[in-house]
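Comments concern the structure below.
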Protein chains: 2
Amino acid sequence: MDERVPRDFETLRTTILERRHSLPKRIAQIAAYALDNPDDIAFGTAASIAASAGVQPSTLIRFAQQLGFDGFTSLQLVFRERLRERNSSYDERLAALRAKAEEGAGHRAIFDGFVAAASTSLNDISGRLNEEHFEDAIALLAKAETIYVLAKRRSYPVASYIAYALGKLKIRNQLIESAAGLNAEMIGFASPRDAVIAISFSPYAPAAIEEARVISEQGVPIVAITDSSFSPLAQFAKVWFEVAEADFAGFRSLSATMALAMALTVAVGEKRRDAGRKRKA
Amino acid sequence: MDERVPRDFETLRTTILERRHSLPKRIAQIAAYALDNPDDIAFGTAASIAASAGVQPSTLIRFAQQLGFDGFTSLQLVFRERLRERNSSYDERLAALRAKAEEGAGHRAIFDGFVAAASTSLNDISGRLNEEHFEDAIALLAKAETIYVLAKRRSYPVASYIAYALGKLKIRNQLIESAAGLNAEMIGFASPRDAVIAISFSPYAPAAIEEARVISEQGVPIVAITDSSFSPLAQFAKVWFEVAEADFAGFRSLSATMALAMALTVAVGEKRRDAGRKRKA
DNA sequence: TATGGATTGGAATTATTATTTCATATTGCC
DNA sequence: GGCAATATGAAATAATAATTCCAATCCATA
């Protein structure tokens with residue numbers, strides 16, 4: 001065993017991919033299986049793995065030997081090590097972050113707390129996004145002449161990001177700011193051919209709700225991002241998204257909302273480009 | 001085996017913790033070891049685990065039986081299952097997201113791409129935050145009379161969030177907006193007793209850089225959040241943070257920057273509260 | 001402190017699993 | 001198309017690991 005044996009999964013993976021085409025059929029078969037089902041290699045027995053991959057146990061051992069290991073067992077160790085590391089690389093780290101943050105050890109803990117809250121929120125939303133609503137929202141926004149973006153206070157940063165991104169994508173948009181008292185007039189210009197993205201979380205800013213009400217009464221369709229079905233925003237909206245953000249130290253994360261906002265914006269941009277192309281053709 | 005056997009790790013854990021005090025000494029010893037080193041149980045052999053825990057293999061089996069399993073092997077399955085799930089619950093899921101996003105399957109892929117980018121960025125920053133810089137920045141900002149917040153374009157949402165949070169914490173602050181032409185005068189008011197949080201990423205908005213230069217020449221200390229040591233912002237800053245945000249579809253995530261911004265803000269708030277308390281005492 | 005029951009250690013046993021071997025099949029090459 | 005080299009399948013064998021068993025020890029209780 002003087003030749004260089006891959007001792008970590010990434011090296012192993014690379015090695016396999018390099019040699020892929022020079023491997024005999026059955027060996028290639030088990031190689032593909034190994035990269036596709038690393039967990040099975042980590043936990044299975046030579047016999048069970050061979051069966052799942054549709055080869056003989058001896059082939060599995062030859063595969064290991066071809067890679068420079070002295071048997072299946074040593075190959076398996078690499079797959080097990082990977083699981084150990086992977087595992088500690090996230091969930092446990094997040095748990096550790098949370099634990100550190102909770103026991104409140106100084107300023108670093110504050111940082112860890114916010115990182116953990118943001119990660120949790122992202123994790124959560126990625127499983128919960130309603131794909132139909134997402135498509136509906138994109139369709140609705142893509143055909144709008146002007147997209148109005150409405151959000152106050154905590155949600156305002158998201159709105160300003162949307163406005164920035166829409167601008168970069170050359171999509172006409174209007175941010176309804178809280179600052180000047182011109183909101184009423186701005187809203188007055190909106191027509192049913194336009195659309196609104198409204199964002200508001202509990203405790204809902206009264207101004208945001210009121211403006212959403214007025215604008216929906218003008219027949220302008222609203223896409224809302226909010227935090228529950230009881231949200232007053234939901235009742236005015238054509239489509240609405242529920243985003244649950246984790247909080248830390250009384251401040252809620254914005255990461256999930258941001259990710260959704262970015263995705264909406266870019267998807268609308270893409271949809272418009274596609275539509276434009278079709279019209280020309 | 002009619003009694004209820006814990007089939008998932010959490011249940012098992014709870015069961016062990018409940019019975020902890022009624023277990024015989026050696027069994028308790030292996031129980032503690034199991035909860036402390038779940039990975040070892042998942043991968044080890046009865047003999048190796050027993051040795052590490054300082055008991056006999058037979059004790060390990062008795063432990064498993066006491067919990068209702070019919071042997072060590074079935075107990076081990078629970079520990080292995082946990083690793084599988086844990087693993088697929090994040091890293092692999094993220095990889096899957098990325099893969100889906102890359103193969104570009106419709107709008108859902110866009111969403112997945114942004115979620116993945118945000119997760120990656122958070123993951124990254126949590127390992128890279130320089131704790132000393134963080135403490136320095138907090139100290140510097142905590143003693144400022146007014147905190148100026150300076151950011152344009154893509155970074156503006158972060159600035160507006162900081163301004164909002166500082167306001168909620170009753171810390172005097174001033175957002176230097178790009179809109180009106182009053183920036184120069186606003187900046188003119190800043191003194192060395194104040195401080196600035198400046199945020200800018202490549203391609204650096206010229207206005208942001210210019211304003212940072214002017215304000216630093218007035219002797220106002222700057223805390224910068226930027227993306228590399230070559231950033232023009234870094235040279236004006238007393239303390240600066242490097243934040244590497246992953247991007248998707250040409251838009252960069254803001255999640256790591258946001259988390260850092262929130263942490264900074266809240267930490268400053270906390271430091272001020274502490275200082276206030278001490279002064280009174 | 002004697003006694004019964006529970007607990008533990010250590011070796012023997014049994015089961016499972018990896019590996020080797022050898023006959024057979026396949027492939028590439030002249 | 002025939003030959004050698006290589007690859008594959010299947011079963012035998014060797015190794016390893018789980019489990020069981022029994023004697024020794026510990027502990028609570030009378």
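None of the values given here were measured: they were computed from a predicted structure. Proteins come first, then strands; the chains are lettered A, B, ... in the order of their sequence lines, and each starts at number 1. The analysis underlying the following values was restricted to heavy atoms, covering all of them including side chains, and did not include hydrogens, waters or symmetry mates.
Side-chain proximity of Thr73(B) to the nucleotides dT19(D), dG9(C), dG9(D) is greatest for dT19(D). Taking the side chain of Pro57(B) as heavy atoms from C-beta on, and the options dA10(D), dT19(D), dT19(C), the nearest nucleotide is dT19(D).
When rounded to the nearest whole Å, the span between CG of Asp70(B) and C1' of dA18(D) equals 12 Å. Atom CD1 in Ile61(B) sits about 12 Å away from atom P in dC21(D), given to the nearest Å. One interatomic measurement links the two molecules: CD of Gln65(A) to P of dT20(C), which rounds to 6 Å at whole-angstrom precision. Spacing between atom CD1 of Ile30(A) and atom P of dT8(D) amounts to 12 Å, rounded to whole angstrom units. Here the C1' atom of nucleotide dT8(D) and the CZ atom of Arg26(A) are 8 Å apart, to the nearest Å. Atom CZ in Phe63(A) sits roughly 16 Å away from atom P in dG9(D) (whole-Å rounding). Straight-line distance from the CG atom of Leu23(A) to the C1' atom of dT6(D): 14 Å, rounded to whole Å. One can place CG of Leu60(B) at 14 Å from P of dA17(D), the figure rounded to the nearest angstrom.
By the 30° and 60° cut-offs, the orientation of the rings of Trp240(A) relative to His133(A) is tilted.
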Apply the test side chain to side chain contact (heavy atoms under 4.5 Å, CB included) to residues Asp227(A) and Arg252(A): give CA-CA distance (whole Å), side-chain angles for both, the deciding distance (0.1 Å), then the verdict. CA-CA 12 Å; Asp227(A) 54 0; Arg252(A) 260 194 213 145; 3.9 Å; yes
Passes side chain to side chain contact (heavy atoms under 4.5 Å, CB included), Tyr161(A) versus Arg154(B)? Steps please. CA-CA 7 Å; Tyr161(A) 187 83; Arg154(B) 190 167 75 79; 4.1 Å; yes
Going through the checks in order, is the side-chain hydrogen bond (donor to acceptor under 3.5 Å, both in side chains) test met by Arg26(B) and Gln29(B)? CA-CA 5 Å; Arg26(B) 293 270 114 110; Gln29(B) 188 173 329; 3.0 Å; yes
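The pair Asp39(B)-Arg82(B) meets the salt-bridge criterion, since a charged nitrogen lies less than 4.0 angstrom from a carboxylate oxygen.
An OP1 or OP2 oxygen of dT8(C) is reached within less than 4.0 angstrom by no side-chain nitrogen or oxygen of Gln29(B). OP1 and OP2 of dT8(D) both lie 4.0 Å or more from every side-chain N or O belonging to Gln56(A). For Arg62(B) and dT8(C), the shortest distance from a side-chain N or O to OP1 or OP2 is not below 4.0 Å.
Residue contacts for Ile27(B): at a heavy-atom cut-off of 4.0 Å it reaches the sugar-phosphate backbone alone, with no base atom in range.
Between Lys25(B) and Ser74(B), the residue anchored nearer the 5' end of DNA chain D, judged by the nucleotide with its closest heavy atom, is Ser74(B).
Interface remark: the Ser58(B) side chain does form a donor-acceptor pair with the dG10(C) base, using a distance-only criterion of under 3.5 Å.
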